[in-house]
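As structure tokens, the structure follows; a few thoughts come after it.
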Amino acid sequence: MSKLGRYAADRKKVEAVTAAKTVEVSDCGTLFIVTGARTLTLPAATAAGKGWWIRIIKGDSGAAAVSITATSTLGGPAVDGDDVETLVNDCTIAAGATVGSFIEICSDGTRYYAFGMADHDTGITE
């Protein structure tokens, strides 16, 4: 018999990012709350493997951008407000994007796929 939903928690790992960060394979499933101008560097998609994922969330509404760089190609599309963009090797949650704007990145073992949401059409850029 399966457990009722009230007994099964869907808890996530959460990490505050206050400096540049190299994301590790072991960080799979982590929500990164980023404040200030920061750069997050992803591991190779082949090392991360199929099903690896993270979410990067802007934790402040300041004029600082959050940059995500990858040694593997990021696949698109990325949804940012009302636009769709194809991502190449990096993407940014733009300066001025509001708190809660995010990019989620997952791997198929060969490349990364990224999508996100922001309050305006330039909130996420490639």
Side-chain angles (χ1 to χ4, degrees):
M1 177 181 232
S2 65
K3 290 184 178 180
L4 296 175
R6 66 177 180 243
Y7 298 115
D10 183 20
R11 297 180 63 99
K12 308 277 193 255
K13 296 183 284 184
V14 178
E15 181 178 328
V17 178
T18 57
K21 171 151 182 80
T22 299
V23 179
E24 304 293 334
V25 172
S26 61
D27 288 326
C28 178
T30 301
L31 303 177
F32 293 101
I33 312 289
V34 183
T35 56
R38 309 287 177 237
T39 299
L40 284 82
T41 304
L42 305 177
T46 52
K50 284 184 179 181
W52 185 94
W53 71 275
I54 60 170
R55 180 176 282 194
I56 300 160
I57 304 168
K58 193 164 186 344
D60 62 9
S61 58
V66 178
S67 299
I68 299 102
T69 61
T71 56
S72 303
T73 301
L74 282 164
V79 180
D80 57 6
D82 60 359
D83 282 347
V84 175
E85 308 207 9
T86 301
L87 299 174
V88 184
N89 289 318
D90 59 353
C91 54
T92 301
I93 301 174
T98 59
V99 172
S101 297
F102 73 89
I103 295 175
E104 189 164 303
I105 300 170
C106 62
S107 172
D108 66 2
T110 303
R111 63 188 291 176
Y112 286 114
Y113 295 88
F115 67 94
M117 190 67 79
D119 63 326
H120 54 84
D121 63 352
T122 59
I124 298 174
T125 60
E126 63 176 298

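- In summary, of the residues considered (Val23, Val14, Ile57), a side-chain contact (heavy atoms from CB on, under 4.5 Å) with Phe32 occurs for Val23 alone.
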Quiz prompt | Ile54 vs Leu42, side chain to side chain contact (heavy atoms under 4.5 Å, CB included): CA-CA, chis, key distance, verdict | solution = CA-CA 10 Å; Ile54 60 170; Leu42 305 177; 3.7 Å; yes
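- Atom CD1 in Ile105 sits 5.0 Å away from atom CD1 in Ile68 (nearest 0.5 Å).
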In residues 58-66, what donor-acceptor pairs under 3.5 Å come from side-chain atoms, sequence neighbours left out?
residue : atom : partner : partner atom : Å
Lys58   : NZ   : Asp60   : O            : 3.0
Lys58   : NZ   : Asp60   : OD1          : 3.0
Lys58   : NZ   : Gly62   : O            : 3.4
Lys58   : NZ   : Ala64   : O            : 3.1
Asp60   : OD2  : Gly36   : N            : 3.0

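- Here the OG1 atom belonging to Thr92 is positioned 7.0 Å from the CD1 atom belonging to Ile103, to the nearest 0.5 angstrom.
- Thr35 contributes atom OG1, which lies 9.5 Å from atom CD1 of Ile33 (distance to the nearest 0.5 angstrom).
- Shown here are the side chain to side chain donor-acceptor pair (under 3.5 Å) partners of Lys12, two or more places apart in sequence or in another chain: Asp10.
- The side chain to side chain donor-acceptor pair (under 3.5 Å) pairs that include a residue from residues 14-29 are Glu15-Lys21, where partners are two or more places apart or lie in different chains.
- One hydrophobic cluster, built from ILVMFWY side chains closer than 4.5 Å, cannot hold both Val34 and Val99; they sit in different ones.
- The salt bridge (charged side-chain N to carboxylate O under 4.0 Å, His left out) check on Lys13 picks up nothing, with sequence neighbours excluded.
- Pairing each heavy atom of Gly51 with each of Cys28, the nearest pair is O-SG, 4.2 Å.
- Sorted by first and then second residue, the ring-ring contact (aromatic ring centres under 6.0 Å, His included) pairs involving residues 35-63 (not counting sequence neighbours) are Trp52-Tyr112.
- Sorted by first and then second residue, the pairs that involve residues 99-109 and meet side chain to side chain donor-acceptor pair (under 3.5 Å), not counting sequence neighbours, are Arg55-Glu104, Asp108-Tyr113.
- Both Leu31 and Phe115 belong to a single network of hydrophobic side chains, linked directly or stepwise wherever heavy atoms of I, L, V, M, F, W or Y lie under 4.5 Å apart.
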